[in-house]
Amino acid sequence: MNTIAPTGFAVADGPGSVTQAPNLPEGFTDTFTSRYVDANGVRLHAVIGGQGPALLLVHGWPETWYAWRLLMPELAKDFTVIAVDQRGIGLSDKPASGYDSTTIAADLVALMDALGHERFAVAGHDTGMVYAYALAADYSERVDRVVLAEIPAPPGATPAPPLFVPAPLNAKLWHIPFNRAEGLPEQLIAGREDVYFGYEFAIQGGGVSAEAIEYYIGLVSDPESLTGSLGFYRAWEPTMAQNAERATRKLPMPVLAVGGERSYGHHVEENMRLLADDVEGVVIAGAGHWVAEEAPEQLLAALISFLEPLRTAASGTAPVEASAVR
């Protein structure tokens with residue numbers, strides 16, 4: 001496959017980069033490179049490869065760009081794929097502030113500006129779903145299509161669940177108020193990262209390999225990275241207020257709402273129908289929360305089908321008006 005390597009950006013190396021990521025699909029490093037990109041006052045790490053319309057992939061917690069690795073080679077056949085480490089995660093900068101959804105959306109659009117992509121599609125999972133929603137809402141003129149996966153809805157955009165919920169749901173949600181506490185989580189997690197993050201990967205549906213979990217834990221085990229990984233949760237209140245305002249205007253572009261059958265299922269689609277005009281839903285059979293790692297082939301098929309109008313328009317195989325791919 002021919003690929004266009006990004007130029008003018010520093011190559012990222014070491015743990016967290018393409019060069020030291022374990023168990024990548026065959027030929028991955030022939031297509032993808034790790035780059036540092038200055039965007040919105042921070043240095044972001046992005047793994048970039050492929051050719052065609054731009055597709056931005058935004059991971060969830062406590063993962064990195066690596067969460068998308070099993071889908072990226074196939075997507076890169078028709079798209080320029082940009083898998084970013086969020087602010088505070090992986091090899092991206094970890095400032096003390098700026099983890100609310102408005103700031104992260106500004107990070108992401110600045111990243112795409114720096115890479116020269118005026119218009120693009122975006123897919124976000126978990127915390128990345130919240131940031132992808134913010135990006136699509138705040139910069140709707142830039143986003144052609146958006147994929148939102150595996151949380152029921154952006155916090156604050158729809159009514160929140162009560163504080164006391166049934167035990168199975170509490171087991172999946174307790175980390176949110178815990179992570180929001182200042183300082184205490186770091187003291188309780190440090191030295192026990194395998195216990196804490198291992199529990200989270202298991203209780204949210206399992207299906208992530210032991211090797212991948214070990215890799216993620218290694219990347220989040222130093223103090224700066226651990227605190228950075230909690231930034232999303234400590235910006236919960238401003239993000240809720242921002243999403244409440246966004247909910248007053250529906251997303252205008254096509255939305256693919258993705259749920260795992262053993263996780264949030266149809267709830268993602270149901271809630272996104274309150275927040276967007278054009279919503280398609282898919283439930284990934286047999287999958288829990290970690291859909292890109294548990295069921296990559298199913299998720300890939302859904303993404304390719306949803307993004308087909310962009311690929312077709314770019315290839316010129318069928319005439320498509322610009323408004324038709326919105």
How long is the gap from OH on Tyr131 to OG1 on Thr102, to the nearest 0.5 Å?
-> 10.5 Å
Please step through side chain to side chain contact (heavy atoms under 4.5 Å, CB included) for the pair Leu91 and Tyr36, ending with a clear verdict.
-> CA-CA 9 Å; Leu91 293 180; Tyr36 286 123; 3.9 Å; yes
CA sep, side-chain torsions, deciding dist, call: Glu297, Leu300, side chain to side chain contact (heavy atoms under 4.5 Å, CB included) = CA-CA 5 Å; Glu297 292 184 359; Leu300 180 64; 5.6 Å; no
More than 12 non-hydrogen atoms from neighbouring residues, nucleotides or ligands closer than 6.0 Å to NE2 on His117, yes or no?
-> yes
Minimum heavy-atom distance between Pro254 and Asp144, given as atom pair plus value = CD-O, 3.5 Å
Rounded to the nearest 0.5 Å, what separation is found between the CG atom of Asp278 and the CG atom of Leu251?
-> 10.5 Å
List the steps, then state whether ring pair (Phe, Tyr, Trp, His ring centres under 6.0 Å) holds for Tyr216 with Phe197.
-> CA-CA 9 Å; Tyr216 290 129; Phe197 292 110; 9.8 Å; no
Could I get the full list of salt bridge (Lys or Arg N to Asp or Glu O under 4.0 Å) partners for Asp107, not counting sequence neighbours?
-> Arg87
Nearest atoms (heavy-atom pairs only) where Gly288 meets Ser263 = C-CB, 3.6 Å
Between Trp65 and His45, how do the two ring planes meet: parallel, tilted or perpendicular, split at 30° and 60°?
-> perpendicular
Is there side-chain contact between Glu63 and Asp126, with at least one heavy-atom pair below 4.5 Å?
-> no
For residues Arg234 and Thr227, is any side-chain donor paired with an opposing acceptor at under 3.5 Å?
-> no
Begin with the C-alpha distance, continue with both residues' side-chain angles, and end with the deciding distance and a verdict on side chain to side chain contact (heavy atoms under 4.5 Å, CB included) for Met72 and Val47.
-> CA-CA 10 Å; Met72 291 167 66; Val47 177; 3.8 Å; yes
Would you indicate whether the side-chain heavy atoms of His59 and His125 approach each other to under 4.5 Å?
-> no
Heavy atoms only: give me the nearest Gly228-Tyr99 pair and the separation to one decimal.
-> O-CE2, 3.9 Å
Could you tell me whether Arg69 and Glu293 make a salt bridge, using a distance below 4.0 angstrom between a side-chain N and a carboxylate O?
-> yes
Give the cluster check for Val84 versus Leu219: same hydrophobic cluster or not, with ILVMFWY residues linked at side-chain heavy-atom distances below 4.5 Å.
-> yes
May I ask you to check whether over 12 heavy atoms, not counting those of Glu186, lie within 6.0 Å of atom CD?
-> yes
Distance col, row Leu148:CG vs Asn271:CG, nearest 0.5 angstrom, shows 11.5 Å
Path from Leu75 to Trp68 over hydrophobic side-chain contacts below 4.5 Å = yes
Please walk me through it: do His175 and Tyr196 pass ring pair (Phe, Tyr, Trp, His ring centres under 6.0 Å)?
-> CA-CA 10 Å; His175 69 282; Tyr196 180 59; 7.9 Å; no
Salt bridge flag under 4.0 Å for residues Arg35 and Asp85 | no
Taking all non-hydrogen atoms of both residues into account, name the closest pair between Gly265 and Val283 and its distance.
-> C-CG2, 3.7 Å
Mark yes when over 12 heavy atoms from residues, nucleotides or ligands other than Glu245 sit less than 6.0 Å from its CD; otherwise mark no.
-> yes
So how far is it from Leu303 CG to Leu256 CG, rounded to the nearest 0.5 Å?
-> 6.5 Å
Test item: Glu308 side-chain N/O and Phe306 main-chain N/O as donor-acceptor pair under 3.5 Å = no
Evaluate the side-chain proximity of Leu135 to Leu56: yes if any heavy-atom separation is below 4.5 Å, no if none is.
-> yes
Using a 4.5 Å cut-off on heavy atoms from C-beta on, say whether the side chain of Ser92 contacts that of Gln86.
-> no
Side-chain heavy-atom pair Val42, Pro95 within 4.5 angstrom cut-off | yes
Within residues 196-225 or reaching into it, pairs that qualify as salt bridge (Lys or Arg N to Asp or Glu O under 4.0 Å) - sequence neighbours excluded = none
Going by heavy atoms in the side chains, are Phe178 and Leu188 under 4.5 Å from each other?
-> yes
Report the distance from atom OG of Ser209 to atom CH2 of Trp290, rounding to the nearest 0.5 Å.
-> 12.5 Å
Would Glu150 and His289 count as having a side-chain donor-acceptor pair, cut-off 3.5 Å?
-> yes
Same hydrophobic cluster for Val279 and Val268, using side-chain heavy-atom links shorter than 4.5 Å among ILVMFWY?
-> yes
Out of curiosity, does Val11 fall in the hydrophobic cluster containing Ile48 (side-chain heavy atoms, cut-off under 4.5 Å, transitive links)?
-> no
For Ala54, does its backbone N or O pair with a side-chain atom of Arg119 as donor and acceptor, under 3.5 Å?
-> no
Quick check: does any side chain N or O of Thr239 sit under 3.5 Å from a backbone N or O of Ser101, one acting as donor and the other as acceptor?
-> yes
May I ask you to decide if Leu230's main-chain N or O and Asn179's side chain share a donor-acceptor pair within less than 3.5 Å?
-> no
Glu74/Lys77 salt bridge by N-O under 4.0 Å criterion | yes
Heavy-atom side-chain contact between Ser34 and Asp13 under 4.5 Å = no
So Phe79 and Leu310, side chain to side chain contact (heavy atoms under 4.5 Å, CB included) or not? Walk me through it.
-> CA-CA 9 Å; Phe79 298 92; Leu310 302 181; 4.2 Å; yes
Closest approach of Ala212 and Val208, non-hydrogen atoms and distance?
-> CB-CG1, 3.8 Å
Is there a side-chain contact between Tyr133 and Leu275, using heavy atoms and a 4.5 Å cut-off?
-> yes
Nearest atoms (heavy-atom pairs only) where Thr80 meets Gly50 | OG1-O, 3.9 Å
Is it true that a side-chain atom of Ser17 and a backbone atom of Gly14 form a donor plus acceptor pair closer than 3.5 Å?
-> yes
Is it the case that one hydrophobic cluster holds both Phe9 and Leu108, taking links as side-chain heavy atoms less than 4.5 Å apart, direct or via other members?
-> yes
Under 3.5 Å, side chain of Tyr66 to main-chain N/O of Pro22, donor-acceptor pair present?
-> yes
Atom CZ in Arg145, atom CZ in Phe120: separation rounded to 0.5 Å?
-> 15.0 Å
